[in-house]
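Below is one structure; the comments refer to it alone.
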Amino acid sequence: MTMKTTGLGSRCIVFSFDDIEDASPTNVLAIIGTKHVFLCDTYLGPDVMALVRSEIRQKYSKNPWIIFNSHADWDHHWGNSFFRDSTIIGHELTRKAIDANGARELQMYSRYQRGSVEIMPPNEIFQGRIRFPNEGIEFFHSPGHTADSSSCYDSIDKVLFTGDNVEDPIPCLTESDLDTYVKTLDAYLELDIEHVVVGHGTIIATKGLIEENLAYLVSLQHGTTKMQDSPRWRANHEQNVKLL
Ligand SMILES: [Zn+2]
């Protein structure tokens, strides 16, 4: 396992990991608040989160953690148990989905676990949004990639963490509800954004990637998608078409 660390804005750190073969790296975002350290997603298990914690503790902050899960897919919450005594925030649908599928997914993909994973759904749930106004942080429901998908917005550094809703070059559908997905990306574009941190990928993106993802989804809605040469684009697109 390799961990790459990238500083962003005045108080954000992106941790990137590449343990899953044939997939883009997975990103975890830490935001150093005045009273808390916020951590978006916990990746593949306690061993990885131990590395993240020691990096944060040594270099940035000793504040208590607030953990956030962007959605219930296994590659985003397996490290929750490392923070069992902390607040772990997630949408109520995320909690439901982890309760329903977590154990089965752990069995299916157990070869990827880093440390001994114990499935632990969020212990603090929200529906629409949950705000930390003194910290300039907000978590909000943003259904798209999955019905439970949620995002984090840091209004101080103008950083948006999208989970798997935004992807380079195009998003991966797991639901056929394109209208809802389009609404979510439209709503992202209303925000004042300087950096976009995506769930998977090597790039720190900008608003432009959201616009491109949105244009692609709209083209799917209208059946006007223009084929592209990139093999990755085609592979994702074929999967999306199959799902629809
Ligand atoms: Zn993912």
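As the structure is a prediction and not an experimental result, all values here were calculated from the model. Atoms within each ligand, like the ligands themselves, are counted from 1 in listed order.
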Checking Lys96 now: which residues fulfil side chain to side chain contact (heavy atoms under 4.5 Å, CB included) with it, not counting sequence neighbours?
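Residues passing side chain to side chain contact (heavy atoms under 4.5 Å, CB included) with Lys96: none at all.
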Would you please say whether a donor-acceptor pair under 3.5 Å links the side chains of Ser70 and Asp41?
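On atom types as modelled, these side chains qualify, holding a pair under 3.5 Å.
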If we count only N and O atoms by modelled type, under 3.5 Å, do the side chains of Asn240 and Tyr216 hold a donor and an acceptor together?
yes
Is the Zn ion (ligand 1) under 2.8 Å from any N, O or S atom of His76?
yes
Contact flag His71/the Zn ion (ligand 1), N/O/S atoms, threshold under 2.8 Å:
no
Shortest-distance N/O/S atom, Asp75 versus the Zn ion (ligand 1):
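Relative to the Zn ion (ligand 1), the closest nitrogen, oxygen or sulfur of Asp75 carries the name OD2.
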For the Zn ion (ligand 1), give me the closest N/O/S atom belonging to Asp164, just the atom name.
OD2
Would you call Glu194-Lys207 a salt bridge at under 4.0 Å N-O?
no
